[in-house]
Amino acid sequence: MTRVLFMLINMNIGGTEKALLNLLEEMPQDKYDITLLMLEKYGGFLNDIPEGVHIQYLRNYGDIKVLLNRPLLQTTMQLVINKRYKESIVMLGLYLWSKITRNQSSFFRYVLRNTPSLDTYYDVAVAFAGPMDFITYFIVKKVQATIKIQWIHFDISKIGFNMNFAKKYYPFFSRIFVVSEEGKEKLITQMPCLADKTTTFYNKIARKRILQQAEETQAFEDDFDGIRILTVGRLSEEKGQDLCIEACKLLRDEGYKFRWYCIGEGNYREICEERIHLYGIEFDFILLGAKQNPYPYMKACDIYVQASRHEGYCITLAEAKVFEKPIITTNFTGAKEQIQNVKHGCVVNCNATAIYKGVKEMLDTRLALGKEVN
């Protein structure tokens, strides 16, 4: 039996986590002995981890997380205030060295100095939440495995990718998986030395399960009888809900009868709420919050819109395609690959006006077919 380790941050409701769950479902448990190592016990998908998967959590990560999230200079000053002078000198040295080398590997070595390597030897070890430098470092330095894989889920040109760190540690991996062809080309352009070991690995979706879950619950509970537009994604700047809100206002100003629903939760909620109120579209743009099962809404909507500023491979877009609804998506990395062969789909520029025009064209098409839209 092949022993496989996947390492990621947590099981938050997000695309990376969903991609892992879908992958785990396709791995026969009579062939693979799977361990999931997480940094923290957290997330709405925790209960969805398949039975038989071994779950571990990184010891003392609570203390490590504080150091990782706090600027090194601030940590140094706090140690001085607490009269821990020896530690403050070490931390100041790490701070200066990380500035000179432009990577944090020495800092990671310090915070993990009391963390032993994993006891188990694995056939395959995967830094799944990638790129995340801390997890990459841990897999390289603290895990023994015959094959090590680095997974890239995001557009490295958009997320502050640490090239110096990658050049030092990515060569230790046997394979680099990138979730779109365009994303792979961007990585190879930046790091040609990885060309021979870099492969496109599209995120998988569980089509059968998606269709089953779409029948489990009622979707929209209001009595609205017009066109329903849906957007799904964590409420954050990179997901572009603010662009949807502005596009919604432009459509409303033209008198179209529709309602735009947004599934997701996150630190961008307050900004979205303020903008919805500013435009006076509280009854037109509805924030539904997080839904562990968004598929009944995907099935019931009339138009699906993905307005992300950047993605690696958009899981929600792939899932929406299952229901064969008209789709408008912004032109993030991999979008054109995903929208191929979609009968009623278009890729637009990443701004509110372009999204508005794309949705307007869909609405006008429905009007031409004799369906009520205004």
Side-chain angles (χ1 to χ4, degrees), residues 8 12-23 44-45 128-131 151-159 161 177-187 200-207 209-210 214 229-244 247 260-266 268 290-295 297-299 301 303-351 354-355 358-359 362:
L8 73 165
N12 191 26
I13 298 178
T16 299
E17 296 77 17
K18 176 68 69 67
L20 177 60
L21 289 176
N22 293 339
L23 182 61
F45 282 149
F128 195 78
W151 221 291
I152 305 293
H153 290 272
F154 305 105
D155 181 346
I156 66 163
S157 69
K158 303 289 186 181
I159 60 169
F161 184 65
F177 288 157
V178 187
V179 295
S180 72
E181 185 68 21
E182 186 179 356
K184 183 191 79 171
E185 294 306 318
K186 287 186 176 183
L187 177 64
T200 300
F201 194 118
Y202 291 113
N203 286 335
K204 297 182 178 298
I205 62 168
R207 180 184 176 86
R209 177 170 53 79
I210 288 171
I229 303 170
L230 180 67
T231 295
V232 179
R234 183 181 69 257
L235 296 184
S236 59
E237 183 177 8
E238 63 267 25
K239 297 298 182 182
Q241 287 90 358
D242 56 313
L243 304 177
C244 295
W260 200 319
Y261 302 83
C262 183
I263 291 177
E265 197 55 81
Y268 215 50
K291 302 288 183 182
Q292 193 164 345
N293 180 8
Y295 309 125
Y297 297 87
M298 289 182 174
K299 179 185 176 183
C301 76
I303 299 171
Y304 184 82
V305 177
Q306 191 72 44
S308 302
R309 288 182 166 90
H310 58 85
E311 296 275 359
Y313 181 94
C314 186
I315 285 286
T316 53
L317 179 57
E319 292 173 337
K321 286 168 56 180
V322 170
F323 300 97
E324 300 181 353
K325 298 300 177 72
I327 291 174
I328 295 100
T329 179
T330 47
N331 191 20
F332 49 77
T333 296
K336 291 180 180 178
E337 297 169 51
Q338 288 189 255
I339 213 71
Q340 287 179 356
N341 302 320
V342 174
K343 185 176 181 181
H344 301 293
C346 66
V347 180
V348 302
N349 290 330
C350 189
N351 60 71
I355 295 169
V359 176
M362 294 287 187

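Remark: the backbone N or O of F128 is paired with a side-chain donor or acceptor of H153 at under 3.5 angstrom.
We find the CZ-NZ distance between R309 and K158 to be 10.5 Å, quoted to the nearest 0.5 Å. Once rounded to the nearest 0.5 Å, the distance linking CD of Q241 with CD1 of I263 reads 11.5 Å. Atom CG of L317 and atom CD1 of I328 lie 11.0 Å apart (nearest 0.5 Å). For the atom pair CD1 (I229) and SG (C262), the distance works out to 12.0 Å, reported to the nearest 0.5 Å. One finds the OH atom of Y313 at 4.5 Å from the CD atom of Q338 (value rounded to the nearest 0.5 Å). The distance from atom CG of L8 to atom CD of E17, rounded to the nearest 0.5 Å, is 6.0 Å.
Residues satisfying the salt bridge (charged side-chain N to carboxylate O under 4.0 Å, His left out) test with K291, not counting sequence neighbours, are none. For L21, the side chain to side chain contact (heavy atoms under 4.5 Å, CB included) partners two or more places apart in sequence, or in a different chain, are M11, F45, D48, I49, P50. By the ring pair (Phe, Tyr, Trp, His ring centres under 6.0 Å) test, F177 pairs with W151, F201, sequence neighbours left out. Residues meeting the side chain to side chain contact (heavy atoms under 4.5 Å, CB included) test with R234, sequence neighbours left out: S236, E238, K239. With sequence neighbours excluded, the residues forming a side chain to side chain contact (heavy atoms under 4.5 Å, CB included) with N349 are N351, A354, listed by chain and number.
In terms of heavy atoms, C244 sits closest to T231 at SG-OG1, 3.8 Å. Contact detail for G44 and I13: the closest heavy-atom pair is CA-CG1, 3.7 Å. When all heavy atoms are compared, the tightest approach of C350 to L243 is SG-CD1, 3.8 Å. In terms of heavy-atom proximity, G312 sits nearest to V179 at C-CG2, 3.4 Å. When every heavy atom of A19 is checked against every heavy atom of I315, the shortest pair comes out as CB-CD1, 4.0 Å.
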Legend entry - Full working for side chain to side chain contact (heavy atoms under 4.5 Å, CB included) between M298 and V322: CA-CA 9 Å; M298 289 182 174; V322 170; over 6 Å; no

Inset, instruction - Assess whether side chain to side chain contact (heavy atoms under 4.5 Å, CB included) is satisfied between N22 and N203, documenting all intermediate values. - result: CA-CA 8 Å; N22 293 339; N203 286 335; over 6 Å; no

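The side-chain heavy atoms of C301 and Y261, taken from C-beta on, include no pair separated by under 4.5 Å. Inter-residue side-chain proximity for T333 and F154 is flagged as unmet; no heavy-atom pair is nearer than 4.5 Å. Contact check for Y202 versus T200: side-chain heavy atoms found under the 4.5 Å cut-off. Between W260 and V359, some side-chain heavy-atom pair lies under the 4.5 Å cut-off. For the pair K186/V178, no side-chain contact is recorded, criterion being any heavy-atom separation below 4.5 Å from C-beta on.
Residues in residues 317-339 take part in these salt bridge (charged side-chain N to carboxylate O under 4.0 Å, His left out) pairs, two or more places apart or across chains: K18-E319.
Using modelled atom types and a 3.5 Å distance limit, the side chains of E182 and S180 yield no donor-acceptor pair. Side-chain contact annotation: T316 with Q306, donor-acceptor N/O pair under 3.5 Å present.
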